[in-house]
Asks: 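Sharing a structure here in structure tokens format.
Numbers restart at 1 for each chain; the letters A, B, ... are given by sequence-line order, proteins then strands. Bear in mind the structure is a predicted one, so any value in this text is a computation, not a measurement.
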There are 2 protein chains.
Amino acid sequence: MTKYVKKICEIVEQSYSHMTAEQVFQALRQVYPTVVLATVYNNLNRLCDMGLIRRVTQEGMPDRYDRIQRHDHLVCKQCGKLLDVDLTDLTEQFQKQVGVPILAYDLKLMYICEDCKNKK
Amino acid sequence: MTKYVKKICEIVEQSYSHMTAEQVFQALRQVYPTVVLATVYNNLNRLCDMGLIRRVTQEGMPDRYDRIQRHDHLVCKQCGKLLDVDLTDLTEQFQKQVGVPILAYDLKLMYICEDCKNKK
DNA sequence: TCTCCTTTTTAGAATGATTCTAATTTCATT
DNA sequence: AATGAAATTAGAATCATTCTAAAAAGGAGA
């Protein structure tokens, strides 16, 4: 656990904004001005592998990083904006239905956000 | 609806293998040997916009294209292999829980496939 | 059939997020 | 102080995808 790993983990966990690697980099630079983007990528990968943060992959945009605590996402179909939602955990139910051990699941609910609804 | 759009749509719908753009391109070349990759991308995008096929985005690998008929996916956490599963449609339930109109949802169940389990 | 206009296709360059490589630095341990 | 392992760095490389501008194809009317 280097200072970079620790700080990056903090940044991701404390932000509820699903930051991109670039944004994490900018935030980290406030504290460690000499750090380099590759280090951020390295450590984000490391943290994902360790299961301390999770990666959110969405079509047409860079990956985002999110706290690990179980929750699902509302995704605007127009602009891609991401919102957290707390739905009940369905792992058990899914596992029963498919008959193999489910380690986790990734659920995205597509909708049209207020901004996009108004723009139309 | 050009011949390319039509054929690409057919290829994607009839393959249950979640093809990449490159794979669709290879398949299309069997029929139209002079076609170009950019055309495949153009038309895959068009078909997605029209809602005739859907894109499956997964971390660390090129996008795949899938028939539109409602179904969910089992994803191997190790190798990324994709399997179709037919779970009950939960749109209604989710919509009630979040209180906004849900247009669709994207559900991926993470597991470890037999191959990867054995490799360990 | 010829003309005009729109849409599609093409070739190839450009983009951009992410990874890779090899060198350097850091850090813990002896 | 010396060794070795792990982390960081700079910068090049990768690769899926998009973009650009030009060429080709298609379709509707005269």
Side-chain angles (χ1 to χ4, degrees), chain A residues 1-12 15 17-66 75 77-82, chain B residues 1-12 15 17-66 75 77-82:
Chain A
M1 267 274 179
T2 68
K3 59 181 179 179
Y4 291 141
V5 183
K6 207 179 296 177
K7 194 69 199 168
I8 289 173
C9 193
E10 256 177 65
I11 289 170
V12 172
S15 151
S17 59
H18 315 99
M19 297 168 94
T20 62
E22 182 63 36
Q23 290 171 328
V24 172
F25 174 54
Q26 295 306 338
L28 188 63
R29 277 223 286 199
Q30 307 291 322
V31 188
Y32 301 110
T34 61
V35 78
V36 135
L37 186 54
T39 301
V40 174
Y41 274 106
N42 281 341
N43 288 326
L44 284 171
N45 285 338
R46 222 165 277 161
L47 284 163
C48 286
D49 292 348
M50 293 193 285
L52 294 181
I53 61 174
R54 70 161 144 154
R55 195 190 321 270
V56 181
T57 299
Q58 242 175 310
E59 72 180 61
M61 50 181 71
D63 287 351
R64 298 170 167 278
Y65 297 88
D66 200 357
V75 181
K77 221 174 181 176
Q78 299 278 321
C79 68
K81 197 190 299 163
L82 218 61
Chain B
M1 264 277 180
T2 68
K3 61 181 179 179
Y4 292 141
V5 183
K6 208 179 295 176
K7 193 70 199 167
I8 289 173
C9 193
E10 257 177 66
I11 290 170
V12 172
S15 151
S17 60
H18 314 99
M19 298 168 92
T20 62
E22 181 63 36
Q23 290 171 328
V24 172
F25 174 53
Q26 295 306 338
L28 188 64
R29 279 224 285 200
Q30 308 291 320
V31 188
Y32 301 110
T34 61
V35 78
V36 134
L37 186 54
T39 300
V40 173
Y41 274 106
N42 281 341
N43 289 326
L44 284 172
N45 285 338
R46 223 165 275 164
L47 284 163
C48 286
D49 292 347
M50 293 192 284
L52 294 181
I53 62 174
R54 71 160 145 154
R55 196 192 318 271
V56 182
T57 299
Q58 240 174 311
E59 73 180 60
M61 51 180 69
D63 286 352
R64 298 170 168 278
Y65 297 87
D66 200 358
V75 180
K77 220 171 181 177
Q78 298 279 320
C79 68
K81 197 189 299 163
L82 218 61

Asks: Roughly how many Å is it from NZ in Lys6(B) to P in dT9(C), rounded to a whole number?
Replies: 12 Å
Asks: Could you check how far CG of Asn45(A) sits from C1' of dT19(C), rounded to whole Å?
Replies: 9 Å
Asks: Select one nucleotide: of dT8(D), dT9(D), dT19(C), the one nearest the side-chain heavy atoms of Tyr41(A).
Replies: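 Of all the options, the side chain of Tyr41(A) is nearest to dT19(C).
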Asks: Check whether any side-chain nitrogen or oxygen of Asn42(A) sits under 4.0 Å from OP1 or OP2 of dA6(D), and answer yes or no.
Replies: no
Asks: Which of these passes side-chain hydrogen bond (donor to acceptor under 3.5 Å, both in side chains) with Tyr65(B): Arg55(B), Arg54(B), Gln23(B)?
Replies: Arg55(B)
Asks: So which heavy atom on Phe25(B) is nearest to which on Val35(B), and how close?
Replies: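 Answer, listing the atom of Phe25(B) first, then Val35(B): CE1-O, 3.4 Å.
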Asks: Report which part of the nucleic acid Val5(B) touches: base, sugar-phosphate, or nothing (heavy-atom distance under 4.0 Å, all strands).
Replies: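 No contact at all - Val5(B) keeps every heavy atom at 4.0 Å or more from the nucleic acid.
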Asks: Hey, could you give me the CG/CD1 distance between Leu52(A) and Ile8(A), rounded to the nearest 0.5 Å?
Replies: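 The CG atom of Leu52(A) sits 12.0 Å away from the CD1 atom of Ile8(A).
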Asks: Working to the nearest 0.5 angstrom, can you tell me the gap between Tyr4(A) OH and Asn43(A) CG?
Replies: 9.5 Å
Asks: Which residues, if any, of residues 47-66 of chain B bring a heavy atom under 4.0 Å of DNA chain C?
Replies: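 None, since no heavy atom is under 4.0 Å.
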Asks: Can you measure from CG (Asp63(A)) to OG1 (Thr57(B)) and round to the nearest 0.5 angstrom?
Replies: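 Between atom CG of Asp63(A) and atom OG1 of Thr57(B) there are 10.0 Å.
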Asks: Under 3.5 Å between N/O atoms: give me all the protein pairs with nucleotides 22-30 of chain C, atom names plus distance.
Replies:
none

Asks: Counting only side-chain heavy atoms from C-beta out, which of dC20(C), dA7(D), dT18(C) sits nearest to Ala38(A)?
Replies: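 The answer is dC20(C).
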Asks: Using nucleotides 22-24 of chain D, report all nitrogen or oxygen pairs with the protein that are shorter than 3.5 Å.
Replies:
none

Asks: Do any side-chain nitrogens or oxygens of Thr2(B) fall under 4.0 Å of OP1 or OP2 in dT8(C)?
Replies: no
Asks: Could you tell me the separation between the CE atom of Met1(A) and the P atom of dA7(D), rounded to a whole number of Å?
Replies: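 After rounding, the gap between these two atoms is 11 Å.
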Asks: Name the residue closer to the 5' end of DNA chain D, choosing between Glu22(B) and Arg46(A) according to the nucleotide with the nearest heavy atom.
Replies: Arg46(A)
Asks: To the nearest Å, how far apart are Phe25(A) CZ and dA10(D) C1'?
Replies: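 Rounding to the nearest Å, CZ of Phe25(A) and C1' of dA10(D) are 12 Å apart.
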Asks: If you look at every strand shown and take non-hydrogen atoms under 4.0 Å, does Thr34(B) touch a base, only sugar-phosphate, or nothing?
Replies: sugar-phosphate
Asks: Roughly how far apart are Lys3(A) NZ and Leu28(A) CG, rounded to 0.5 Å?
Replies: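 Here the interatomic distance stands at 9.5 Å.
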Asks: Provide, to the nearest angstrom, the distance between the CD1 atom belonging to Ile8(B) and the P atom belonging to dT8(C).
Replies: 12 Å
Asks: Distance from Gln58(B) atom CD to Leu82(B) atom CG, nearest 0.5 Å?
Replies: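 One finds 5.0 Å between CD of Gln58(B) and CG of Leu82(B).
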Asks: Would you mind reading off the distance between Leu37(A) atom CG and dC20(C) atom C1', rounded to a whole angstrom?
Replies: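 It is 14 Å, rounded to the nearest whole Å.
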Asks: Which atoms form the tightest heavy-atom contact between Pro62(B) and Thr20(B), and what is the distance?
Replies: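 Heavy-atom minimum between the residues: CG-CG2, 4.1 Å.
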Asks: Can you name the one residue among Ile11(B), Leu44(B), Val12(B) that meets side-chain contact (heavy atoms from CB on, under 4.5 Å) with Met19(B)?
Replies: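 The residue from Ile11(B), Leu44(B), Val12(B) that satisfies side-chain contact (heavy atoms from CB on, under 4.5 Å) with Met19(B) turns out to be Ile11(B).
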Asks: Side-chain N or O of Tyr4(B) versus OP1/OP2 of dT10(C): is the shortest distance under 4.0 Å?
Replies: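 So the side chain of Tyr4(B) is within the cut-off, an N or O lying under 4.0 Å from OP1 or OP2 of dT10(C).
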Asks: Nearest 0.5 Å, what's the CD-CD1 distance between Glu10(A) and Ile53(A)?
Replies: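 One gets 13.0 Å once the value is rounded to the nearest 0.5 Å.
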